[in-house]
Amino acid sequence: MQLHDRIYRIALIEDDGPLRMLLSRHLRQSGFETRGYASAAEFRAAATEQDFDVVVLDIMLPGTSGLDICRWLRQRSAVPIIFISARSSHTDRIVGLELGADDYLVKPVDPGELAARIRSVLRRAGSLPADMASEAGIVRFEGWRMDQRRRELYSPDGSRVSISEAEFDLLCVLSDMPQRVVGRELLLEQSRDRLSGRNGGDRSIDVLVSRLRRKLGAIDGGRDLIRTVRGVGYVFTPSVER
Amino acid sequence: MRQRGAVKRAFRLWPRGYTGQVTLVLLFAVLIQFVVGSLLVGAGEADMQRQDLGRRIAEQLLVAERVIETAEPEDTAPLLSALSTHHIQIDLARGPAPMPAGIAPEAVDIYASILSWEPGLARHDMRLAITDPPGRHLRRRLEGALSIGGKEWIVFRTLQPVEGWIVALRTWLRVGVVALIVLGTVAVLVRTLSAPLRRLSDNSQLIGTSARIEFEETRGPRELRRLSRALNEMQDRIAGLIAQRTNALAAVGHDLRTPLARLRLRLSSIGDQDDRVAGEMSRMLQELLDYFDAGETGREAEPVDLASLCATICEEFEDLGAQVTYRGPERLILAAHYDPLRRAITNLVDNAVKYGGRAELSLSESAGQVVIDVSDEGPGIPPGDLERVQLPFERSDATRGDAHPGIGLGLSIARRAADQHGGVLQLRNLQPNGLSAALLVPRQ
């Protein structure tokens, strides 16, 4: 979980010039090296020469659609793909994820949210063997099931439990490092894109954890999934299967 | 009033259903067939009976005539009596005519058939009459006398009734039974035949209410198959038109998103924290696109923990600085469509926060019904507007021109979500002030 060991390279394919420029600038400010491409052709030419860590794709592009690029990429590599689309309908989302995308965001994209999602897919890709990185993205613990791509959480009795985006990210980080003490600093670092501009600090992590714990705790035994280590951080107690 | 009632009752005699009407028409047809048929069969049988009777009488009379001509006069009387059969009694009478002259009008036909069998008998004076034995109305008999040589009479009388009412009745019965069987069979057949029509009319009532209704184009009579195809094509055309409109609007909405995203990013990049205008535009656009999406459920209903859903929505509003509290159980599972429901509750809370300042979201269950209630302490909605504000693009006049932008779709989206779950959206004003917006969803 050392995200800062190196600079991650992001490819941003978006046909709208100003939006591409602004998003690139934001991503750079978030610490990513970002290249923008206006069309599929431009990106393909670049992709044959260098590797990217994450590809952010607009679905509606002139000429070749983002879905085609996604298909083309998937034949070549397991690089994490995040779709950005103006279309929010459920079917579009499903199609995107079925094609092997790792996440799906709807315009107008909040830059903080995009950075958070990029970190989240990077963490997932980093914590798994390369060939599994873009597989189902399903995490199981104590009967709970977490679909990381669709960002859905199911309790042991099969019912869908609703948690916020920030809580979901937190759960992702914790479940990536099961049965280990995770420091509050790391959690804060992982959540900074979302917590920025709010009454941040250690406090907000504690609030997130207590909310998450309450929702998990509605099921017997759920409250003990996340244990507090006083003054240090938290431990995710169950063993995790993928 | 009374007349109207009478008209109504008379109208009701004419059945409304296709089966009833066709059966009634057939009933008339069969009735006519029955009457005419039984008349014809009856006439035929009567004629046959008459022919038969005439032949018998003719034969006996011929024999009697021979007896009188050939036998000794003292032997004739017993001999003639001996000619009597089960059907006809024959006697000899001497002296004056035993009955008045002439042929009774009812017996003309029988006379004709006697003569057609034995024309020789025309030489003699024959008299025929129909008698009614007192008290036995239905047993009319034929009586007659034949003069032989002017002083001897052969007197004859039938022992069986001439016109069998029994026979006629039997005929009627037989024809009637056949008619009834025909009518019954036909009624069943008509019902079977009209089944596709009934199915068609039942299904056509569902057009436009839910998903596409597929009409069978391969079964039933040709006309119905044509109608089914026409209905299918009509649905396709309607769906096409709607899709075209929706797509056009949605496309505009989607196209607006890219420049809007650009606007927001630029605002935030120049350090302008107050991107309220862009935020409002973005929310209005989202509202519109949500409304178009609300029609599609996306996937099957799944068990959803409403308690965590409500709590999460409350927390999200709290994080934005709104005062929203959740009151309810820690867990409540309902088979539901997650996204539409989430959108609906979010809209209700958003309204409450906008107009009421603060909101209380409560979740409860009673009498097989899950109640998601959002109450605020705002001004409420004028009672006359409570129904109207739930329609698309309608806003209460009281909210027009105020500081809260919107395009009037929030409640429509919530209402659609309620419909999707077989429930209702209930709006009511609270005392002394405030509004309660509740989604009432039945537990299936």
Side-chain angles (χ1 to χ4, degrees), chain A residues 14-26 29 58-60 84-94 106-112 114 152-155 157-168 194-195 197-199 204 207-208 211-212 214-220 222, chain B residues 250-251 253-269 273 278-279 281-282 285-286 289-290 292-299 302-316 318-321 329-342 345:
Chain A
E14 160 67 63
D15 59 312
D16 184 273
L19 182 62
R20 185 175 64 242
M21 203 185 71
L22 289 161
L23 274 179
S24 308
R25 187 190 300 162
H26 263 283
Q29 281 167 6
D58 186 4
I59 285 196
M60 282 187 285
I84 324 180
S85 168
R87 302 167 60 87
S88 58
S89 85
H90 207 87
T91 29
D92 290 329
R93 192 177 288 260
I94 302 277
V106 176
K107 284 185 190 175
V109 178
D110 178 50
L114 178 59
E152 293 168 1
L153 177 68
Y154 291 88
S155 72
D157 66 6
S159 61
R160 182 159 171 190
V161 174
S162 179
I163 57 177
S164 72
E165 298 297 340
E167 287 159 23
F168 196 89
R194 285 221 177 74
L195 296 174
R198 292 184 198 153
N199 49 340
S204 55
V207 169
L208 278 185
R211 283 178 182 174
L212 188 54
R214 194 171 61 235
K215 285 169 199 167
L216 297 177
I219 292 268
D220 279 346
Chain B
H254 291 136
D255 287 349
L256 281 173
R257 275 186 159 166
T258 303
L260 196 57
R262 201 195 297 160
L263 183 67
R264 295 194 80 176
L265 283 173
R266 181 160 288 163
L267 282 174
S268 66
S269 70
Q273 290 298 315
M281 280 173 66
S282 156
L285 202 54
Q286 188 57 50
L289 295 172
D290 280 350
F292 293 136
D293 282 350
E296 56 172 302
T297 48
R299 46 172 143 172
E302 57 182 350
V304 172
D305 175 21
L306 294 184
S308 68
L309 180 59
C310 290
T312 302
I313 291 172
C314 287
E315 288 157 8
E316 276 166 2
E318 270 177 65
D319 288 348
L320 293 172
E330 286 209 322
R331 207 168 147 72
L332 199 159
I333 310 291
L334 180 76
H337 299 284
Y338 183 86
D339 288 325
L341 203 58
R342 181 189 171 92
I345 302 172

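Quick note on labels: first sequence line is chain A, next is B, and so on, each numbered from 1.
For the options A:Asp58, A:Ile219, A:Val109, heavy-atom pairs under 4.5 Å to chain B are most numerous at A:Ile219.
Both the backbone and the side chain of A:Leu23 come within less than 4.5 Å of a heavy atom of chain B. Heavy-atom distances place the side chain of A:Asp157, and not its backbone, under 4.5 Å from chain B. The contact between B:Leu309 and chain A is made by backbone and side chain atoms together, counting heavy-atom distances below 4.5 Å.
Within the 4.5 Å cutoff, side-chain heavy atoms of A:Arg214 are placed close to those of B:Glu330.
When the salt bridge (Lys or Arg N to Asp or Glu O under 4.0 Å) test is applied to A:Glu167, the partners found at least two apart in sequence or on another chain are A:Lys215. By the salt bridge (Lys or Arg N to Asp or Glu O under 4.0 Å) test, B:Glu316 is found to be paired with B:Arg342, residues two or more places apart in sequence or in another chain being considered.
Summarising the geometry of A:Ser162 relative to B:Ser308, their closest heavy-atom pair is N-OG, 2.8 Å, with the distance given to 0.1 Å. Of all non-hydrogen atoms in A:Gly158 and B:Pro303, the two that sit nearest each other are O-CG, 3.6 Å.
B:Tyr338 and A:Glu152 share no donor-acceptor pair across their side chains, judged by distance under 3.5 Å alone. In this structure, a donor-acceptor pair under 3.5 Å is present between the side chains of A:Ser159 and B:Arg331.
Distance CG/B:Asp319 to OG/A:Ser164: 7.5 Å, rounded to 0.5 Å.
Classification of A:Arg160 and B:Asp305 as a salt-bridged pair fails, no side-chain N sitting under 4.0 Å from a carboxylate O.
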